[in-house]
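Within every chain, numbering begins at 1; the chains are lettered A, B, ... in the order of the sequence lines, protein sequences first and strands thereafter. This one's a predicted model, so the numbers in the text were calculated from it and none came from an experiment. Computed from heavy atoms alone, side chains included, the values below leave out hydrogens, waters and symmetry copies.
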2 protein chains.
Amino acid sequence: MNIGEISERTGLPAKTIRYYEDIGLISPMRDANGYRNFAENDAHKLAFLGRARTLGFSIEDCRTLLALYEDQSRASADVKHVATEHLRQIEDKIAQLESMRQTLRHLVSACAGDNRPDCPILSDLAKS
Amino acid sequence: MNIGEISERTGLPAKTIRYYEDIGLISPMRDANGYRNFAENDAHKLAFLGRARTLGFSIEDCRTLLALYEDQSRASADVKHVATEHLRQIEDKIAQLESMRQTLRHLVSACAGDNRPDCPILSDLAKS
DNA sequence: CTTGACCTTCCAGTTACTGGAAGCATTATG
DNA sequence: CATAATGCTTCCAGTAACTGGAAGGTCAAG
């Protein structure tokens with residue numbers, strides 16, 4: 001399979017797939033002309049990576065998860081640990097964004113949004 | 001005021017303050033020895049920037065907001081527009097993270113987390 | 001045989017800093 | 001007063017995960 005075809009199949013841009021090879025996540029074969037030739041196993045790994053990235057795992061987490069996936073003697077505890085830590089970080093991020101949202105909602109609703117200069121949003125930002 | 005003092009007062013790292021000067025958000029005076037000398041107005045702007053960044057505004061948004069803040073003839077509608085758009089993006093991000101959270105919670109709770117290899121998290125990532 | 005689609009590599013840019021090196025300036029200590 | 005410890009300066013590189021674009025080789029169709 002050429003990169004265009006696997007890109008279609010996995011939904012990952014060709015650029016991203018090349019990048020994943022650069023950083024050692026995959027190692028597709030090469031044809032005589034230098035073109036990458038992806039096997040089913042590569043497609044499988046790329047799908048795995050795409051899904052993991054969709055769930056927000058970092059590239060380094062993906063690397064770890066992929067290694068665990070390929071290690072038949074892994075302990076599920078190791079996988080769970082990675083996922084739990086990631087979940088915790090997502091929850092932290094959500095809390096942080098929700099706090100921003102609340103403040104912004106207040107400010108936005110308090111702002112007239114007309115052609116006068118008075119603005120509670122700016123007043124809030126400028127308050128000491 | 002030297003950079004160390006204003007850093008303390010605003011809570012912004014000196015590195016960040018220098019960076020803000022680099023990108024033209026502030027323009028502190030200089031003493032004869034080359035040291036930056038911050039006036040009250042600089043402190044004020046930095047506090048404004050710190051608060052805006054806390055609310056998640058991008059640097060470019062901050063630049064816009066600062067310009068509006070200093071423009072006595074601004075229309076509050078312009079400010080509100082920036083804030084509303086930012087709020088929308090935050091809400092998008094929250095929704096995306098909440099979706100990740102839900103999936104991850106399911107997967108984590110389904111995983112035994114022991115020393116056996118079976119792992120629903122990996123199974124999910126690997127599913128086509 | 002040429003055109004267009006597809007592939008290659010390499011370089012630069014993105015966001016908002018952060019760490020570190022090399023080297024002055026100032027201040028505190030013995 | 002010499003020296004040592006801060007504090008300040010600039011500049012360079014790195015971070016995360018791509019993305020865009022240039023320059024150029026390859027392949028299938030007409």
Between [N] atom [atom2] and [X] atom [atom1], what is the distance in whole Å?
{"X": "L25(B)", "N": "dC17(C)", "atom1": "CG", "atom2": "C1'", "answer": "13 Å"}
{"X": "D22(A)", "N": "dC11(C)", "atom1": "CG", "atom2": "P", "answer": "12 Å"}
{"X": "I23(B)", "N": "dA16(C)", "atom1": "CD1", "atom2": "C1'", "answer": "8 Å"}
{"X": "E60(B)", "N": "dG13(C)", "atom1": "CD", "atom2": "P", "answer": "16 Å"}
{"X": "I6(A)", "N": "dT8(C)", "atom1": "CD1", "atom2": "P", "answer": "12 Å"}
{"X": "Y19(A)", "N": "dA16(D)", "atom1": "OH", "atom2": "P", "answer": "8 Å"}
{"X": "F57(A)", "N": "dC18(D)", "atom1": "CZ", "atom2": "C1'", "answer": "20 Å"}
{"X": "E21(B)", "N": "dC17(C)", "atom1": "CD", "atom2": "C1'", "answer": "16 Å"}

### Message
Let me spell it out: for each of T16(A) and I3(B), pick the nucleotide of DNA chain D with the closest heavy atom. Which residue's pick is nearer the 5' end?
### Response
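First, find each residue's nearest nucleotide; the 5'-ward one identifies I3(B).
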Among [options], find the nucleotide with the atom closest to the side chain of [X].
{"X": "R53(B)", "options": "dT10(D), dC27(D), dC17(C)", "result": "dC17(C)"}
{"X": "P13(B)", "options": "dT18(C), dC7(C), dT19(D)", "result": "dT18(C)"}
{"X": "R30(A)", "options": "dT9(C), dA17(D), dC7(C)", "result": "dT9(C)"}
{"X": "R18(A)", "options": "dA25(C), dT8(C), dT9(D)", "result": "dT8(C)"}

Please tell me if [X] has a side-chain N or O lying less than 4.0 Å from either OP1 or OP2 of [N].
{"X": "Y20(B)", "N": "dA16(C)", "result": "no"}
{"X": "N33(B)", "N": "dC8(D)", "result": "no"}
{"X": "Y35(A)", "N": "dC27(D)", "result": "no"}

### Presence of salt bridge, E91(A) and R88(A), under 4.0 angstrom
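Judged by the 4.0 Å cut-off on N to carboxylate O distance, R88(A) and E91(A) do not form a salt bridge.
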#### Entry: Stepwise side chain to side chain donor-acceptor pair (under 3.5 Å) check, Q102(B) with E98(B)
CA-CA 6 Å; Q102(B) 188 170 5; E98(B) 278 176 342; over 6 Å; no
### Message
On DNA chain C, compare the nucleotides closest to S58(B) and K15(A); which residue's is nearer the 5' end?
### Response
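Comparing both residues, the 5'-ward one is K15(A).
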### Message
Please classify the nucleic acid contact of R36(A) as base, sugar-phosphate, or nothing, using heavy-atom distances under 4.0 Å.
### Response
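Sugar-phosphate contact only - R36(A) comes under 4.0 Å of backbone atoms but never of a base.
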### Task
For residues F48(B) and L65(B), determine if any side-chain heavy atom of one lies less than 4.5 Å from a side-chain heavy atom of the other.
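The answer is yes; the side chains approach within 4.5 Å.
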### Contact check, side chains of Y20(B) and R53(B), non-hydrogen atoms, under 4.5 Å
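Of all side-chain heavy-atom pairs linking R53(B) with Y20(B), at least one is under 4.5 Å.
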### Task
Using the rule that two of Ile, Leu, Val, Met, Phe, Trp, Tyr join whenever any of their side-chain heavy atoms come within less than 4.5 Å, decide whether Y35(B) and M1(B) are in one cluster.
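In one cluster with Y35(B): M1(B), no.
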